[in-house]
There are 2 protein chains.
Amino acid sequence: MTERVVPPAERRRRRPTKQGVVLSEELIVATALRLIEEHGAEALSVRRLGRALGADPSSLYRYFRHTDDLLLAVADELIGRTLRDWRPTGDWRADLRDLGLRVHSGALGHPRAAVLSAYRVTGRAHEIQAVETILGVLRGAGFPDPEAVRVYHAFVDQALAFSALDAAGAALPKPARDAENAVWQATYARLPAGTHPNIAATARHLVADMRHSSYPTALEMLLSAAEARLFEIRGRA
Amino acid sequence: MTERVVPPAERRRRRPTKQGVVLSEELIVATALRLIEEHGAEALSVRRLGRALGADPSSLYRYFRHTDDLLLAVADELIGRTLRDWRPTGDWRADLRDLGLRVHSGALGHPRAAVLSAYRVTGRAHEIQAVETILGVLRGAGFPDPEAVRVYHAFVDQALAFSALDAAGAALPKPARDAENAVWQATYARLPAGTHPNIAATARHLVADMRHSSYPTALEMLLSAAEARLFEIRGRA
DNA sequence: ACCTGAACACCGTTCAAGT
DNA sequence: ACCTGAACACCGTTCAAGT
């Protein structure tokens, strides 16, 4: 998506900004990531980023055509960090489980950036590598191409969707996060059996279960369904 | 979440605005929904809403403390519409499928409100009703309480997470949305088999499949896994 | 070649003044 | 009591001018 408007880095001659900083795509992405983590998603604006970098906001437009492009670059950097040095074991189910959990915990490590970028398609190097890898795992397991793509799509979107969901929770200010957790104790666990029989009967389990992410459960269910489908396909062949 | 800063409607005395409109929370929420529907997600700003209502933008601040509050009120209205007159059929799998798809398409109809509200636990009336209903469906199907809660949690979070994911896509400004769709054709479908064998082999399927939400597939997989688990439980009993 | 600074067309929100 | 209008502190983006 983002294309360099200038020749590759090593061929560029860059003048430092007034404040002595030599700009680069890498520096801009790293600074954007830092800004988001330190001051929240709303801290990322072209003007603030320029200030943080020691450069005029408008100078960033030769590195990124829009704010959106910058965001995609940040997203791709996160994917890269998450999948760096990951290797398949040959057990497709274990491999997908590991990939899903890695993406999820990577997102929780940078919750604010994850919330901003989890739902974007970047078309950039790290993302392409991830797509290639996951498709390889599924095709290697024996899924025919149309099925491999369907499972790929559901698997990836589920990983990204839960990552964003849980990252949003983790990105809440602590008082708000505590308040959300307290709702299950304070509201749900106190509903009378007369009006809310199902909640009352399961309140104990709700309080215990809702504290944790349901992603591991949902992931396991998706993998189970995929495995059942694979047996079906193999049985027919 | 939203609290009235003024007494209940029937006790208020309201002066019409210069353009003759009598403001109310209901009218503002309805107008906001219409604005989003007619002119896209980016059309909802306090200033545009004021213009659409025939009132000064600042007058809205006595009805909603922040834009956020307004969006939550819109979201609450949507939950109400989504679950209004929904009734279980007695077929637990069909019922959960229907509930999931309703939530998802409700979110897509109003993406901006959905993105903001999918991540929050409100403890409000509509939400409580939904929890009670879904738990009832699962317990009625024969899931023991701890299992019912686990499946409930995965089901609801999956519905909310995919709703937010797909709503976020729909909420993108049009140029970004178009660019996103084009990535599969323009970037992925052109990768050479030499370096990216799995993408090259499935490119045709990727272009066709990635256009649509994977939620129906992911939902069906979750339901299949839940059903398999139910058979297992029944077999043991 | 690269960065700057002004300009344009927008935002959300507050608050004293008007009716 | 309720709405208005000005003001404040921001946005993203473009482009001629400066170095």
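To find a chain, count down the sequence lines: A is the first, B the second, and so on, and within it residues start at 1.
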Query raised in the report: DNA chain D: Pro57(B) or Glu42(A), which has the more 5' nearest nucleotide?
Result: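 Whichever sits nearer the 5' end wins; that is Pro57(B).
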Report task. Please determine, by modelled atom types, if Tyr188(B) and Glu127(A) share a side-chain donor-acceptor pair under 3.5 angstrom. Result ->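 Tyr188(B) vs Glu127(A): donor-acceptor pair found between side chains.
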Report task. Any chance you could encode DNA chain D as dot-bracket? Rule is Watson-Crick or G-U wobble with both distances under 3.5 Å; [ ] for pairs crossing earlier ones, | for another strand. Result -> ||.|||||...|||||.||
Query raised in the report: Do Ser214(B) and Phe155(A) come close enough that some side-chain heavy atom pair is under 4.5 Å?
Result: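 A side-chain contact is absent here, since even the closest heavy-atom pair is not under 4.5 Å.
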Query raised in the report: Hey, is the main chain of Asp76(A) close enough, under 3.5 Å, to the side chain of His126(A) for a donor-acceptor pair?
Result: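 Here the side-chain-to-backbone pair exists.
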Integer-rounded Å distance: [N] [atom2] and [X] [atom1]:
X: Arg47(B); N: dC10(D); atom1: CZ; atom2: C1'; result: 11 Å
X: Asp56(B); N: dT19(C); atom1: CG; atom2: P; result: 14 Å
X: Leu60(A); N: dC11(D); atom1: CG; atom2: P; result: 13 Å
X: Leu71(A); N: dT13(D); atom1: CG; atom2: P; result: 11 Å
X: Arg51(B); N: dC3(D); atom1: CZ; atom2: P; result: 19 Å
X: Ile28(B); N: dG12(C); atom1: CD1; atom2: C1'; result: 15 Å
X: Leu44(B); N: dC10(C); atom1: CG; atom2: P; result: 16 Å
X: Leu49(B); N: dC3(D); atom1: CG; atom2: P; result: 13 Å

Query raised in the report: Is it the case that more than 12 heavy atoms not belonging to Gln185(A) sit under 6.0 Å from its CD atom?
Result: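 Open: at most 12 neighbouring heavy atoms sit under 6.0 Å from CD of Gln185(A).
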**Report entry** Atom CZ of Arg102(A) with >12 non-hydrogen neighbours under 6.0 angstrom
**Finding:**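 Yes, CZ of Arg102(A) has more than 12 neighbouring heavy atoms, counting only those of other groups under 6.0 Å.
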Requested in this report: Would you check, one step at a time, whether the test side-chain contact (heavy atoms from CB on, under 4.5 Å) holds for Val131(A) with Tyr152(A)?
Outcome: CA-CA 8 Å; Val131(A) 175; Tyr152(A) 160 79; 3.1 Å; yes
Report task. Would you indicate what Thr17(A) reaches in the nucleic acid, counting non-hydrogen atoms under 4.0 angstrom: base, sugar-phosphate, or nothing? Result ->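 Touches sugar-phosphate only.
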Requested in this report: Scan Ser58(A) against the nucleic acid and name what it touches under 4.0 Å (heavy atoms): base, sugar-phosphate only, or nothing.
Outcome: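 Base contact - Ser58(A) has a heavy atom under 4.0 Å of at least one base atom.
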Measure from the side chain of [X], starting at C-beta and using heavy atoms only, and say which of [options] lies closest.
X: Val46(B); options: dG12(C), dG5(D), dA1(D); value: dG12(C)
X: Tyr61(B); options: dT13(C), dT4(D), dC11(C); value: dT13(C)
X: Tyr63(A); options: dC11(C), dC3(D), dC3(C); value: dC3(C)

Query raised in the report: Rounded to the nearest 0.5 Å, how far does OG of Ser59(B) lie from CZ of Arg15(B)?
Result: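 The OG atom of Ser59(B) is 10.5 Å from CZ of Arg15(B), to the nearest 0.5 Å.
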Requested in this report: Quick one: pull up CZ in Arg34(A) and CG in Leu49(A) and give me the separation to the nearest 0.5 Å.
Outcome: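 Interatomic distance, Arg34(A) CZ to Leu49(A) CG, rounded to 0.5 Å: 9.5 Å.
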N or O in side chain of [X] less than 4.0 angstrom from [N] OP1/OP2:
X: Arg48(B); N: dC11(C); result: yes
X: Lys18(A); N: dG5(C); result: yes
X: His66(B); N: dG12(C); result: no
X: Thr67(B); N: dT13(C); result: yes

Query - Integer angstrom distance from the C1' of dC8(D) to that of dC11(C) - result: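 So the two C1' atoms sit 12 Å from each other.
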Query raised in the report: When rounded to the nearest Å, what value does the distance between P atoms of dA9(C) and dC10(D) take?
Result: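 Nearest-Å result for dA9(C) against dC10(D) at atom P: 22 Å.
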